[in-house]
Amino acid sequence: MVKINDYISKIECSDNPLSADVYIIKGDKHTYIVDVGTNEEALETLKSIPNKKIIITHFHADHMGNLKNLAPENNDLYVGDYTAKYYGGGTVVKEPVHIEDGVIIDIFPLPSS
């Protein structure tokens with residue numbers, strides 16, 4: 001894991017298995033995870049984080065492959081509509097979501113790929 005600043009870290013992408021970068025943002029009450037990757041390092045690290053909220057940027061396996069293993073509750077998962085259909089749940093982002101939790105996070109709806 002690479003520390004970017006006091007609030008943000010990332011687990012770097014990998015080629016085998018193909019896995020996107022995973023960003024970890026520490027708030028006061030929750031830790032926000034942007035994409036969950038597919039590799040074992042990401043899965044084990046994310047399993048150990050309490051009070052997490054997960055944001056999936058788009059429906060590609062390298063961004064959401066570990067999602068089923070993490071099994072977040074619907075109110076702890078922000079997704080696009082196609083990802084919600086595939087995964088079977090989550091909070092579908094249809095309008096901008098603004099979060100203030102010691103950090104400011106804005107989630108915008110994007111068309112699913």
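Only a predicted model underlies this, so the values are computations on that prediction, with no experimental measurement involved. All heavy atoms count here, side chains included; hydrogens, waters and symmetry mates do not.
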Is there a donor-acceptor pair closer than 3.5 Å between any side-chain N or O of K52 and the backbone N or O of L46?
-> yes

Test M64 against every option in L70, V79, T83 by the side chain to side chain contact (heavy atoms under 4.5 Å, CB included) rule and name the one that passes.
-> T83

Under a 4.5 Å side-chain heavy-atom rule over Ile, Leu, Val, Met, Phe, Trp and Tyr, are I4 and I105 clustered together?
-> yes

Scan side-chain atoms only and decide if D62 and S19 contain a donor-acceptor pair under the 3.5 Å cut-off.
-> no

dist Y87:OH -> N74:CG (nearest 0.5 Å) comes out at 7.5 Å

Working to the nearest 0.5 Å, report the span between CD1 of I33 and CD1 of I24.
-> 5.0 Å

Is L77 reachable from V93 through a run of I, L, V, M, F, W or Y residues, each pair having side-chain heavy atoms under 4.5 Å apart?
-> no

Could you go through the salt bridge (Lys or Arg N to Asp or Glu O under 4.0 Å) check for K10 and D21 one step at a time?
-> CA-CA 7 Å; K10 80 173 180 174; D21 287 332; 3.7 Å; yes

Taking the side chain from D35 and the backbone from T57, do they hold a donor-acceptor pair closer than 3.5 Å?
-> yes

Quick one: do I54 and M1 end up in the same hydrophobic cluster if we chain Ile, Leu, Val, Met, Phe, Trp and Tyr together by side-chain heavy atoms under 4.5 Å apart?
-> yes

Within a radius of less than 6.0 Å around CD of E73, do more than 12 heavy atoms belonging to other residues, nucleotides or ligands occur?
-> no

With distance as the sole criterion, is a donor-acceptor pair present between the side chains of H98 and D106 under 3.5 Å?
-> yes

Report yes or no: do V34 and Y78 belong to one cluster of Ile/Leu/Val/Met/Phe/Trp/Tyr joined by side chain heavy-atom distances under 4.5 Å?
-> yes

Flag yes if more than 12 heavy atoms outside K26 fall under 6.0 Å of its NZ atom; otherwise flag no.
-> no

Keeping the roles fixed (side chain from N5, backbone from I8), state whether a donor-acceptor pair exists under 3.5 Å.
-> yes

Search all heavy atoms of P109 against all heavy atoms of K94 and return the closest pair with its distance.
-> CG-O, 3.6 Å

How long is the span from the CD1 atom in I49 to the OH atom in Y32, to the nearest 0.5 Å?
-> 13.0 Å

Atom CD of E95 and atom CD1 of I107: how far apart are they, to the nearest 0.5 Å?
-> 13.5 Å

Should F59 and V36 be counted in the same cluster of Ile, Leu, Val, Met, Phe, Trp and Tyr side chains packed under 4.5 Å apart?
-> yes

Do you know which two heavy atoms are closest between S48 and P50, and how far apart they sit?
-> O-CD, 3.4 Å

In Å and rounded to the nearest 0.5 Å, what is the NE2 to OG1 distance from H60 to T38?
-> 13.0 Å

Spell out, as yes or no, whether a donor-acceptor pair under 3.5 Å connects the side chain of T45 to the backbone of A42.
-> no

For the residue pair N39 and S14, confirm or rule out a side-chain donor-acceptor distance under 3.5 Å.
-> yes

Can you name the closest pair of heavy atoms from I56 and H63 and give their distance?
-> CD1-O, 3.9 Å

Is the shortest side-chain N to carboxylate O distance from K29 to D101 below 4.0 Å?
-> no

Hey, could you give me the CG/CG distance between N69 and L43, rounded to the nearest 0.5 Å?
-> 5.0 Å

